[in-house]
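Everything on this sheet refers to the single structure shown next.
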Amino acid sequence: MGSWMSKIYKPNIVKFALNSWPPFWGAGIKILSISDDFREVKMKLKLRWWNKNANRTQYGGSIFSLTDPVYSLMLMGILGEQYFVWDKEASINFIKPGQSDLYADFIVPLEQVEEIIRQTANGEKCFPEFVIHVKDKQGNVVSEVQRKLYVRKKPKYREDVEEQTA
């Protein structure tokens with residue numbers, strides 16, 4: 001994220017942009033809320049006729065898409081322009097059919113943010129992992145998605161090793 005981007009990277013702008021983004025909009029994905037500190041996001045996947053599978057339940061690709069860029073975007077908002085943040089790896093476990101609108105809550109604990117900052121201070125890579133439970137209207141878990149990210153401090157922001165030992 002460049003310095004111009006960090007000036008406009010605010011929760012309400014990100015929410016509006018992603019809710020207007022064709023891959024989200026077309027899949028029926030909507031961001032319901034983003035906390036001011038980017039540490040909590042609530043999302044919904046609407047069940048529409050065009051995102052049902054052959055069994056008339058939520059299409060698995062839409063469920064997976066619901067979780068796709070969220071943690072990366074949250075960490076970009078939390079850590080700012082000093083860091084590279086990318087999705088690295090993901091897997092999904094379909095537990096039961098999604099027969100209604102689905103919901104997902106994303107949370108980045110403060111302790112995890114502090115650990116990421118500590119691990120990456122000298123330019124080391126960090127691979128934080130997150131688990132998202134996608135739930136139906138009744139609160140039943142429909143799928144569990146595991147995501148691993150890549151986080152690394154950009155070279156010009158890294159602490160100098162010599163300064164730390166002095």
Side-chain angles (χ1 to χ4, degrees), residues 1-25 27 29-45 60-95 102-135 139 141-166:
M1 175 182 347
S3 60
W4 70 271
M5 182 73 144
S6 64
K7 291 177 182 151
I8 64 166
Y9 204 82
K10 308 292 181 212
N12 287 338
I13 294 171
V14 171
K15 179 182 171 187
F16 174 79
L18 288 176
N19 283 339
S20 303
W21 190 40
F24 268 20
W25 181 84
I29 297 168
K30 183 173 184 178
I31 296 176
L32 302 174
S33 66
I34 302 176
S35 66
D36 289 339
D37 61 2
F38 281 101
R39 290 190 33 243
E40 294 184 36
V41 173
K42 296 184 181 296
M43 296 182 66
K44 175 181 179 177
L45 174 59
S62 295
I63 296 172
F64 199 62
S65 293
L66 173 67
T67 69
D68 187 10
V70 182
Y71 276 113
S72 289
L73 296 172
M74 291 171 74
L75 284 178
M76 288 170 70
I78 293 166
L79 299 171
E81 67 180 88
Q82 296 183 7
Y83 291 82
F84 295 115
V85 181
W86 291 295
D87 275 310
K88 179 172 176 43
E89 187 178 308
S91 65
I92 189 165
N93 179 18
F94 296 106
I95 296 169
L102 300 179
Y103 301 87
D105 295 337
F106 302 79
I107 298 171
V108 179
L110 184 57
E111 301 79 28
Q112 194 166 20
V113 173
E114 291 168 348
E115 181 63 18
I116 291 168
I117 291 169
R118 188 190 65 71
Q119 285 184 18
T120 59
N122 294 323
E124 296 298 318
K125 299 171 191 172
C126 179
F127 304 104
E129 296 187 34
F130 301 92
V131 175
I132 307 107
H133 292 103
V134 179
K135 299 177 181 180
V141 175
V142 170
S143 67
E144 181 180 87
V145 182
Q146 296 179 316
R147 293 207 157 263
K148 182 186 283 190
L149 276 58
Y150 167 101
V151 180
R152 190 171 192 187
K153 202 166 203 181
K154 294 178 181 176
K156 67 181 180 179
Y157 297 107
R158 295 176 189 163
E159 293 177 10
D160 189 354
V161 177
E162 291 177 24
E163 288 179 13
Q164 288 185 354
T165 58

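Residue numbers count from 1 along this sequence.
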Provide the closest heavy-atom pair for [X] versus [Y] in the form atom of the first, atom of the second, distance.
{"X": "S72", "Y": "V85", "result": "O-CG1, 3.6 Å"}
{"X": "Q112", "Y": "P128", "result": "NE2-CB, 3.9 Å"}
{"X": "P11", "Y": "S35", "result": "CG-O, 3.5 Å"}
{"X": "S65", "Y": "I29", "result": "C-CD1, 3.7 Å"}

Side chains of [X] and [Y], heavy atoms from C-beta outward: is any pair under 4.5 Å?
{"X": "L73", "Y": "F106", "result": "no"}
{"X": "Y83", "Y": "L75", "result": "no"}
{"X": "F130", "Y": "V108", "result": "yes"}
{"X": "K153", "Y": "R158", "result": "yes"}
{"X": "K42", "Y": "D105", "result": "yes"}
{"X": "K154", "Y": "F84", "result": "yes"}
{"X": "F38", "Y": "I34", "result": "yes"}

To the nearest 0.5 angstrom, please state how far the [atom1] atom of [X] sits from the [atom2] atom of [Y].
{"X": "S91", "Y": "F64", "atom1": "OG", "atom2": "CZ", "result": "7.0 Å"}
{"X": "T67", "Y": "M43", "atom1": "OG1", "atom2": "CE", "result": "8.5 Å"}
{"X": "F127", "Y": "L149", "atom1": "CZ", "atom2": "CG", "result": "10.5 Å"}
{"X": "I107", "Y": "L110", "atom1": "CD1", "atom2": "CG", "result": "13.0 Å"}
{"X": "E111", "Y": "I116", "atom1": "CD", "atom2": "CD1", "result": "11.5 Å"}
{"X": "L66", "Y": "L45", "atom1": "CG", "atom2": "CG", "result": "5.5 Å"}

Those residues that, when tested against [X], pass salt bridge (Lys or Arg N to Asp or Glu O under 4.0 Å) (two or more places apart):
{"X": "K88", "result": "none"}
{"X": "R147", "result": "D68, D87"}
{"X": "E40", "result": "none"}
{"X": "K125", "result": "none"}

(request) Please check if any side-chain donor atom of Y157 sits under 3.5 Å from a side-chain acceptor atom of E81, or the reverse. (result)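 Checked: Y157/E81 side chains pair up, N/O donor to acceptor below 3.5 Å.
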
Could you go through residues 14-21 and list every donor-acceptor pair under 3.5 Å that involves a side-chain atom there, pairing it with any protein atom two or more places apart or in another chain?
{"from": "K15", "atom 1": "NZ", "to": "L32", "atom 2": "O", "distance (Å)": "3.1"}
{"from": "N19", "atom 1": "OD1", "to": "I31", "atom 2": "N", "distance (Å)": "2.7"}
{"from": "N19", "atom 1": "ND2", "to": "K15", "atom 2": "O", "distance (Å)": "3.4"}
{"from": "N19", "atom 1": "ND2", "to": "I31", "atom 2": "O", "distance (Å)": "3.1"}
{"from": "S20", "atom 1": "OG", "to": "F16", "atom 2": "O", "distance (Å)": "2.9"}

(request) For the pair R39 (side chain) and I78 (backbone), establish whether a donor and an acceptor sit closer than 3.5 Å, ignoring hydrogens and angles. (result) no

(request) Just jot down the ring-ring contact (aromatic ring centres under 6.0 Å, His included) partners of F94, sequence neighbours excluded, or say none. (result)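 By the ring-ring contact (aromatic ring centres under 6.0 Å, His included) rule, F94 matches no residue at all.
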
(request) Mind running side-chain contact (heavy atoms from CB on, under 4.5 Å) on V131 and Q146 for me, showing each step along the way? (result) CA-CA 5 Å; V131 175; Q146 296 179 316; 4.0 Å; yes

(request) Please say whether more than 12 non-hydrogen atoms of neighbouring residues, nucleotides or ligands are located less than 6.0 Å from CG in N93. (result)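 Enclosed: over 12 neighbouring heavy atoms sit under 6.0 Å from CG of N93.
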
